[in-house]
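Letters A, B, ... are given to chains in the order of the sequence lines, protein chains preceding strands, and every chain is numbered from 1.
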Amino acid sequence: SQQGEEDPQALSIQEGENATMNCSYKTSINNLQWYRQNSGRGLVHLILIRSNEREKHSGRLRVTLDTSKKSSSLLITASRAADTASYFCATHRMDSSYKLIFGSGTRLLVRP
Amino acid sequence: GAGVSQSPSNKVTEKGKDVELRCDPISGHTALYWYRQRLGQGLEFLIYFQGNSAPDKSGLPSDRFSAERTGESVSTLTIQRTQQEDSAVYLCASTAGAREQYFGPGTRLTVT
């Protein structure tokens, strides 16, 4: 079964607006990662946040992690049309240091 | 090459035929993963290789699926007697540790 569930499933925004995607998971984790996928092909790693971290930034990306609520959010600021893609969260569980469990993804459309 | 490569990029096959998918991981990456992604869905873990350790085959959906990897090199995923429900994108990823995974572009398999 899926460890992570993203919300919303789809998001449409205007270029320049911020996009927020949420991820919930079920078991204790080592770390949580966010990936982007264009056109249904290979995924690209965006950012990794460890279980003892609460917030992390990378360029226009901001990730938060709330282990008490077992949830994470990905914020993309000042969105661009090129940000249009599917975004997936993935977790490394405490009981399995090598296996990444992916959520079902959020499909983001940024309208120019 | 600098990244993970997969071949073929697309494969159309008739129901009942066998197919073999190939993955070349990043040199030096000890871990290799295979995932399946159905249209509009998240990634399903299939199998994991770590060095010369026994692979984790827990995600393989049936005995028609098998995979091999020699040492830390190329891996092949074989699907025997393909069925229409096997149609999906098959993604390979490699990693040097319990951190981000580097994905190949995938093989889109269509079973007619």
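Shortest non-hydrogen contact noted between A/Leu48 and B/Glu100 is CD1-N, 4.2 Å. Minimum heavy-atom separation, A/Lys99 to B/Phe45: CE-CE2, 3.7 Å. Taking every heavy atom of both residues into account, B/Gln37 and A/Phe88 meet most closely at NE2-CZ, 3.5 Å.
Annotation: B/Glu68, atom CD; neighbour count of heavy atoms from other residues, nucleotides and ligands within 6.0 Å does not exceed 12. Atom CD of A/Glu15 is surrounded by more than 12 heavy atoms from other residues, nucleotides or ligands within 6.0 Å. Counting non-hydrogen atoms of other residues, nucleotides and ligands closer than 6.0 Å to CG of A/Asn52 gives a total above 12. Atom CZ of A/Arg80 has 12 or fewer heavy atoms from other residues, nucleotides or ligands within 6.0 Å. B/Glu14 CD: 12 or fewer foreign heavy atoms inside a 6.0 Å radius.
Between the side chains of A/Gln33 and B/Gln101, not a single donor N or O lies within less than 3.5 Å of an accepting N or O.
To the nearest 0.5 Å, the span separating CG on B/Leu43 from CG on A/Leu43 amounts to 5.5 Å.
Annotation: side chain of B/Leu91 is in contact with side chain of A/Gln37 (closest heavy-atom distance under 4.5 Å).
The part of B/Thr107 that comes within reach of chain A is its backbone (N, CA, C, O), which places non-hydrogen atoms under 4.5 angstrom from that chain.
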